Amino acid sequence: MRKLFTAWFMLFAIATMHAQDTKMNTFISNLMSKMTVDEKIGQLNLVTPGGAVTGSVVSKDVDEKIRQGNVGGLFGITGPDKVRQAQDIAMKNSKLHIPLIFGLDVIHGHKTIFPIPLGLSCTWDTAMIKKSARIAATEASADGLDWVFSPMVDIARDPRWGRVAEGAGEDPYLGSAIAAAMVRGYQGTDLTKNDAVMACVKHFALYGAADAGREYNTVDMSRIKMYQYYLPPYKAAVDAGIGSVMSSFNEIDGIPATGNKWLLTDLLRNEWKFKGFVVSDYTSLSEMQAHGMGDLKTVSALALNAGLDMDMVSEGFLNTLKQSLKEGKITVKQIDEACRLVLEAKYKLGLFSDPYRRMSNERASKEILSDDHRKFAREIAAHSFVLLKNNEHILPLKKSGTIALIGPLASNHRNMLGTWSVSGDPEKSVSVMEGIKNVAGSDVNIIYAKGANISDDSMLIKNTNVFGPEIEPETRTPEAMLSEAVAAAEKSDIVVAVLGEAADMTGESSSRADISIPESQENLLRALVKTGKPLVLVLFNGRPLTLTWENQHVQAILDAWFGGTEAGNAIADVLFGNYNPSGKLSMSFPVSVGQIPVYYNAKNTGRPYNGEGGPKFKSDYLDIPNEPLYPFGYGLSYTVFSYAGLSLSPAQISPNHPVQVKLTVTNTGNYDGEETVQLYIRDPVASVTQPVKELKKFQKLWLKKGESKEVNFTLTTDDLRFVGSSLRWIYEPGEFRVFVGGNSRDVVEADLSGD
Ligand code: NOJ
């Protein structure tokens, strides 16, 4: 009976969807029958009047172009009134009254800013991440936006690349889970709802693998590496029903992504069955000229032929496609297809039935930065912090005594939000000083000293301060600032040093060759360590940093990334033990830049070095170890978790015969806390060499002190698949190894046989 009902329900759902599609197709066909080729090309044009953009070009004569039907969408403006004004031009003054679609970079929150995405990924909490995207959608839609340029899912193994801050780190499994969660959070279950926005997965594809971590640099990679390690998060976003995809700046196999037919058509449309539209990145179409693909007309035709539907800012489509059509380089059918996809997106967003549905002063004033949103921002920020070190349990801090609060980021609003927080107001953020005052209570005496500038390096300051004075050098000499800080430290019971990067030392166009704490602050830290006072280092950073010296000399290190609007409160919650830290790294921290790229899912090589014997002739370095300083998945808690009793039942796996993996995790320390239990596998013998470990499952677990819980995972042969030489995911029977632990290094393990 139940089966019958399910089958009936499925049929009903399919029939309803079909009817809706038919209705949409009829509506769009009818509309397109009235459109000239110019108007169709106009729909493929995405412009920006400027503001919060990261390219050198901004669109001209936007109002007039809207009137002429030469614009499909607009990005870079926000707020119900401004968006309404622009929509009015399209609805009242253009011939066909086709609504515009409004986009923006809403990356980790709209006005309530959450931690940078790299920080969010360290929560390993897909439910919380989904909720952060839902809140961002609620705020963005109230502000008039239909479309957000997120999630950014580029796998990255090179922390020199500044955009690691925007993604979920180095692992395809974790990255895919987060990608799907974000899409669902933004889009909700019904895109026509006033508080739903269309998501745009980016940057398709492989942007995170730029040579030497240098921004916008060449990418060159084998297909096997792409399919197994770099493409899964984009695919996960597509499978979760994402409405749009943004093509990346880089080339793939020698052809820029924006003009790459294999990527945009063969893979995305034909293999993955993507049904939405593809937009270029900012001028990535016209940049194909500099790549060496021809003039604007040639690259525009190349892009349309490849499967690009919308051109962001280049206006190559607008200004050259008609000519290419005359010359037979492209067809009307191609223009029609692209136009239809853009119109479909507008239809699905409900814009044809109400072009003003997402502009609501009332909702904006009620929902944006509401108490609930801020409360959640504080919670998720606390979950994102990673405790890298805590010797002699100097954390959590006591709520009494004298704290020397030192560092250029200790009493600072400007840098709390992190990169890509274009609508966030730093003045609405909570500084670390304010957070500590809110949480510590009146028995704590705080002595503050800035101690150093974020950097004294004029080149770094100039290149960082492009969006405003994030690094504000003082007129005092470095010596004067330093001695004030040392004096404060000497008068205190404990030093909390808040150091690191300025917000825009990561993000787009923020590659660094030296990824240590800037020298001015290093000098400060060394002087503070010399005082012999116990020292806690709170770090602001948008990328893994090299912390070898700090790891040796500082008692405790808390990585707070850029925590967003509630950063200061959340940091204080963790420092004083109101929340026991639970973040786990989603990206390895190198011992030194020379190790990069260093990532946990590496291959064994023919001459693996296991640390025993001399270094010759092994795959290693003469001067540094192979292992990163802090591995993927790593992160301490104020309590301790022990892992025991790993069992596999049965110990034999085969297609349709899964295996239950069981073990017991016990909280053996003195605090209640949350652990992320991680399951990795290894396939030691395969037709294509496999990494030494690959994440396949994880589970979050809350344990009271002294409590034990049994953890269960189900493994199927799907979890043991890899990309074979045919570029298909395949399962090969044989022996496997299963590892479970609280990070990728410290694990318990068992054998598994596969038939
Ligand atoms: C360029 C960036 O690469 C992309 O991530 C962003 O969405 C666009 N600019 C629009 O601002």
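Everything quoted here is computed from the prediction, not taken from an experiment. All ligand and atom numbering here is 1-based and tracks the order in the structure.
Those atoms of ligand 1 with a heavy atom of Trp420 less than 4.0 angstrom away are 11 (O). Atoms of ligand 1 found under 4.0 Å from any heavy atom of Phe75, numbered from 1 in the order shown, are 10 (C), 11 (O).
When heavy-atom distances to ligand 1 are checked against a 4.0 Å cut-off, Tyr216 has no atom that comes that close, whether in backbone or side chain. In Glu508, the part holding a heavy atom less than 4.0 Å from any atom of ligand 1 is the side chain. Of the heavy atoms in Glu215, none comes closer than 4.0 Å to ligand 1. Contacts with ligand 1 closer than 4.0 Å are made by side-chain heavy atoms of His203 only, the backbone lying farther away.
Contact detail for Ile515 and Arg160: the closest heavy-atom pair is CG2-CA, 4.1 Å. The two residues Tyr186 and Val106 come nearest to each other via the heavy atoms OH-O, 3.4 Å.
Using a cut-off of 4.0 Å between Lys/Arg side-chain N and Asp/Glu carboxylate O, Lys111 and Asp143 are scored as salt-bridged. Using a cutoff of 4.0 Å between basic side-chain nitrogens and carboxylate oxygens, Glu501 and Arg543 are scored as salt-bridged.
In the model, Glu39 has no side-chain atom that pairs as donor or acceptor with a side-chain atom of Gln43 under 3.5 Å.
Residue contacts with ligand 1: Arg163 is included, with a non-hydrogen atom under 4.0 Å away.
To the nearest 0.5 angstrom, Trp161 atom CH2 is 10.0 Å from Tyr216 atom OH.
Residue contacts with ligand 1: Asp281 is placed with a nitrogen or oxygen under 3.5 Å of a nitrogen or oxygen of the ligand (distance criterion only). Of the N or O atoms in Lys202, one or more lie within a sub-3.5 Å distance of an N or O in ligand 1.
Sequence neighbours left out, not one pair with a member in residues 125-144 passes ring-ring contact (aromatic ring centres under 6.0 Å, His included).
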